[in-house]
Undergrad: 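Sharing a structure here in structure tokens format.
Keep in mind it's a predicted model, so treat the numbers as computed, not measured.
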Amino acid sequence: MAEWDIRKLHILRTLREQGTVTATAEALRMTPSAVSQQLTNLAKQVGVPLLEAQGRRVRLTDAARLVLRHAEAVFEQLERADAELAAHVRGEVGEVRVGAFSTAVPALVVPAVRALRVSSPGVSVRVRETEAGEAYELLAAGEVDLALSLAAQAPVVGDGRFTRVELLADPLDVALPPGHEWADVEGLRLADLAGESWIFGGSGPWSDITRGACEAAGFTPRQGHSAAGWTAILAMVEAGMGVALVPRTAAVGRGGVVLRELTVDRPVRHVVAAVRRGSEADVVVRRVMAALEGVAAGVR
């Protein structure tokens with residue numbers, strides 16, 4: 001197989017355009033002897049004569065024109081590569097792998113992807129749904145580039161491996177069964193529901209958040225049922241089996257229950273975005289982070 005030298009092919013193409021070795025040398029800021037030497041070496045590499053004498057000048061052989069016809073496709077591809085690389089440097093092209101817990105995917109990540117399709121169509125996002133606590137493990141292992149988690153699940157603030165940004169203080173609303181005695185009462189407080197049967201996970205961050213919010217309101221919640229998924233929790237609430245604290249982002253579009261905003265002792269869960277320290281300088285990562293922050297600003 002012949003050896004192809006891009007630099008030498010460029011010299012050959014310039015000779016075709018300029019017509020003479022002298023003009024080619026001037027265009028490429030080379031000496032005429034250097035041009036001739038490079039073309040002689042190219043002919044040896046491809047194994048065919050590329051130039052033939054025509055009086056005091058030279059002209060391209062048919063083999064040289066065949067070589068250039070194929071070389072044009074190479075030059076075109078290299079131009080595209082240069083353009084894409086420049087776009088990547090400017091943050092216009094690239095992929096960011098995002099690890100996010102279940103409710104953050106529809107509430108934050110999906111709207112951010114839609115916004116990026118308009119503002120930065122060359123930026124793609126690959127989503128990986130994960131548990132809130134696992135997101136940092138994937139980030140540290142390099143399996144995702146940006147992690148969405150809960151502040152309660154994050155490593156300590158001083159962990160030097162990550163740069164963190166608080167995206168959202170997600171309000172917690174109370175989910176009540178239809179027709180519940182507190183469904184239409186103004187000024188509902190969490191303490192008003194101290195005697196209710198509560199539905200939340202047996203362990204993990206949501207158990208901690210529910211217990212912590214209720215204890216801050218002055219009571220320990222009586223757990224009637226244990227469930228980790230919002231579909232199961234809201235289905236049980238709808239059936240009148242108990243009440244639950246539900247993040248506003250998790251309850252969007254969920255019918256069948258009454259969602260009441262707590263006015264006085266309104267608890268929140270803190271959603272945090274994190275990247276490996278130093279990668280926040282990556283322009284593409286910054287674009288994805290900015291899109292997430294824009295969506296989060298609309299949820300507050």
Undergrad: Does Val165 form a side chain to side chain contact (heavy atoms under 4.5 Å, CB included) with Val272? I'd like the steps, not just the answer.
TA: CA-CA 6 Å; Val165 175; Val272 175; over 6 Å; no
Undergrad: Mind listing the closest non-hydrogen atom pair of Leu68 and Leu9 along with its distance?
TA: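 Between these two residues, the closest heavy atoms are CD2-O, 4.0 Å.
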Undergrad: Taking a hydrophobic cluster as the set of Ile, Leu, Val, Met, Phe, Trp and Tyr residues connected by side-chain heavy atoms closer than 4.5 Å, whether directly or through intermediates, do Val105 and Val246 fall within one such cluster?
TA: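 Val105 clusters together with Val246.
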Undergrad: Begin from the C-alpha positions of Val98 and Arg128 and carry the test side chain to side chain contact (heavy atoms under 4.5 Å, CB included) through to its verdict.
TA: CA-CA 6 Å; Val98 174; Arg128 178 169 177 174; over 6 Å; no
Undergrad: For residues Val58 and Leu28: do they belong to one hydrophobic cluster (side chain heavy atoms under 4.5 Å, members Ile, Leu, Val, Met, Phe, Trp, Tyr)?
TA: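 Yes, Val58 connects to Leu28 through the hydrophobic network.
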Undergrad: Mind checking the CZ-CD spacing from Arg97 to Glu143? Nearest 0.5 Å is all I need.
TA: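 Answer for the CZ-CD pair, Arg97 versus Glu143, is 8.0 Å.
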Undergrad: Side chains of Thr31 and Ser33: is there a donor and an acceptor less than 3.5 Å apart?
TA: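 Yes, a side-chain donor-acceptor pair sits under 3.5 Å.
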Undergrad: Between Arg260 (side chain) and Trp182 (backbone), is there a donor-acceptor pair under 3.5 Å?
TA: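 The answer is yes, because a donor-acceptor pair under 3.5 Å joins these two groups.
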Undergrad: Testing the basics here: between Pro177 and Val243, what is the closest heavy-atom pair and its distance to 0.1 Å?
TA: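 Nearest heavy atoms, Pro177 then Val243: CD-CG1, 4.2 Å.
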Undergrad: Would one find more than 12 heavy atoms of other residues, nucleotides or ligands at under 6.0 Å from atom CZ of Arg16?
TA: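 Yes, CZ of Arg16 has more than 12 neighbouring heavy atoms, counting only those of other groups under 6.0 Å.
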Undergrad: Are more than 12 heavy atoms from other residues, nucleotides or ligands located less than 6.0 Å from atom CG of Asn41?
TA: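 Yes - once you tally the heavy atoms of other residues, nucleotides and ligands closer than 6.0 Å, there are more than 12.
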Undergrad: With the side chain counted from C-beta on, respond yes when His270 and Glu166 share a heavy-atom pair under 4.5 Å apart, and no when they do not.
TA: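 Touching, per the 4.5 Å side-chain cut-off.
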Undergrad: For Val271 and Leu108, work out which heavy atoms get closest and say how close.
TA: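 Nearest pair, atom of Val271 first, then Leu108: CG1-CD1, 4.0 Å.
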Undergrad: Would you compute the distance between atom CZ of Arg287 and atom OG of Ser120 and round it to the nearest 0.5 angstrom?
TA: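 Those atoms lie 4.0 Å apart.
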Undergrad: Using the ring of each side chain (for Trp, its six-membered ring), is His10 parallel, tilted or perpendicular to Phe75, with breaks at 30° and 60°?
TA: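 The rings of His10 and Phe75 stand perpendicular, inter-plane angle above 60°.
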Undergrad: Are Cys214 and Trp198 close enough that some pair of their side-chain heavy atoms sits under 4.5 Å apart?
TA: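 In short, these two side chains touch, coming nearer than 4.5 Å.
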Undergrad: Considering only heavy atoms from C-beta outward, does the side chain of Val174 approach that of Leu190 to under 4.5 Å?
TA: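 Sidechains of Leu190 and Val174: in contact.
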Undergrad: Hydrophobic clustering (ILVMFWY, side-chain heavy atoms < 4.5 Å, transitive) - are Leu66 and Leu42 grouped together?
TA: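 Leu42 and Leu66: separate clusters.
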Undergrad: What pair of heavy atoms forms the shortest contact from Met289 to Leu146, and how long is it?
TA: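 That would be CE-CD1, 4.0 Å.
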Undergrad: Check whether the side chains of Gln18 and Thr14 place a donor and an acceptor atom closer than 3.5 Å, and report yes or no.
TA: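 Short answer, no.
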Undergrad: Would you check if Asp173 and Leu245 make a side-chain contact, meaning some heavy-atom pair closer than 4.5 Å?
TA: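 SC-SC contact between Asp173 and Leu245 ruled out.
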Undergrad: Do Arg80 and Glu76 meet the salt-bridge criterion of a basic N to acidic O distance under 4.0 Å?
TA: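 Yes, this pair counts.
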Undergrad: Just how far is it from atom CD of Glu196 to atom CZ of Phe219, taken to the nearest 0.5 Å?
TA: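 Here the interatomic distance stands at 9.5 Å.
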Undergrad: Are the side chain of Glu72 and the backbone of His70 linked by a donor-acceptor contact shorter than 3.5 Å?
TA: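 No: the side chain of Glu72 does not pair with the backbone of His70.
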Undergrad: Compare every heavy atom of Gly201 with every heavy atom of Gln223, then report the nearest pair and how far apart it is.
TA: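 Shortest heavy-atom contact: NE2-O, 3.4 Å.
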Undergrad: Tell me, do Val257 and Leu176 make a side-chain contact under 4.5 Å, heavy atoms counted?
TA: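 In short, these two side chains do not touch, never coming nearer than 4.5 Å.
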Undergrad: Flag the pair Leu60 / Leu51 as yes when at least one side-chain heavy-atom distance between them is below 4.5 Å, and no otherwise.
TA: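 Heavy-atom side-chain distance check passes, below 4.5 Å.
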Undergrad: Leu12 vs Leu39, test: side chain to side chain contact (heavy atoms under 4.5 Å, CB included). Steps then yes/no.
TA: CA-CA 7 Å; Leu12 182 63; Leu39 293 176; 3.9 Å; yes
Undergrad: So does Gly19 get a backbone contact from the side chain of Arg57, meaning a donor-acceptor N/O pair under 3.5 Å?
TA: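 Checked: pair present.
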Undergrad: Going only through I, L, V, M, F, W and Y residues with side-chain contacts under 4.5 Å, is there a path from Ile209 to Trp230?
TA: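 Yes; tracing contacts between hydrophobic side chains, which count when under 4.5 Å, links both residues.
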Undergrad: To the nearest 0.5 Å, tell me how far Gln38 CD sits from Leu15 CG.
TA: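 Here the rounded value is 13.0 Å.
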Undergrad: Show your working on salt bridge (Lys or Arg N to Asp or Glu O under 4.0 Å) between Arg126 and Glu95 and close with a plain yes or no.
TA: CA-CA 7 Å; Arg126 184 187 300 178; Glu95 179 183 83; 3.3 Å; yes
Undergrad: Is there a side-chain contact between Val295 and Val109 (heavy atoms, below 4.5 Å)?
TA: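 A side-chain contact under 4.5 Å is absent here.
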Undergrad: Where the side chain of Glu293 meets the backbone of Leu167, is there a donor-acceptor pair that is under 3.5 Å apart?
TA: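 Answer holds: no.
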Undergrad: Is the closest side-chain donor-acceptor distance between Arg65 and Thr61 under 3.5 Å?
TA: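 Thr61 and Arg65 do not have a side-chain donor-acceptor pair below 3.5 Å.
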Undergrad: Please report the interatomic distance CD1(Ile11) to OG(Ser36), rounded to the nearest 0.5 Å.
TA: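 It comes to 10.0 Å.
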Undergrad: To the nearest 0.5 angstrom, please state how far the CE atom of Met236 sits from the OG1 atom of Thr231.
TA: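 Result: 10.5 Å between the selected atoms.
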Undergrad: Could you pull out the closest heavy-atom pair between Ala104 and Ala100, with the gap in Å?
TA: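 Taking Ala104 first and Ala100 second, the nearest heavy atoms are CB-CB, 4.2 Å.
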Undergrad: Is there a path from Leu148 to Val110 through hydrophobic residues (I, L, V, M, F, W, Y) whose side chains come within less than 4.5 Å of each other?
TA: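 Same hydrophobic cluster.
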Undergrad: If we only count heavy atoms from C-beta on, is the Ser197 to Arg222 side-chain gap below 4.5 Å?
TA: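 Ser197 vs Arg222: side chains touch.
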Undergrad: Please determine, by modelled atom types, if Thr249 and Arg269 share a side-chain donor-acceptor pair under 3.5 angstrom.
TA: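 Result is yes, a qualifying pair exists.
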Undergrad: Tell me whether Arg276 forms a cation-pi arrangement with Phe162, defined as NZ or CZ under 6.0 Å from the six-membered ring centre and within 45 degrees of its axis.
TA: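 No, Arg276 does not lie over the aromatic ring of Phe162.
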Undergrad: What do the steps show when you test Glu131 against Phe101 for side chain to side chain contact (heavy atoms under 4.5 Å, CB included), and what is the final call?
TA: CA-CA 5 Å; Glu131 296 294 332; Phe101 58 97; over 6 Å; no
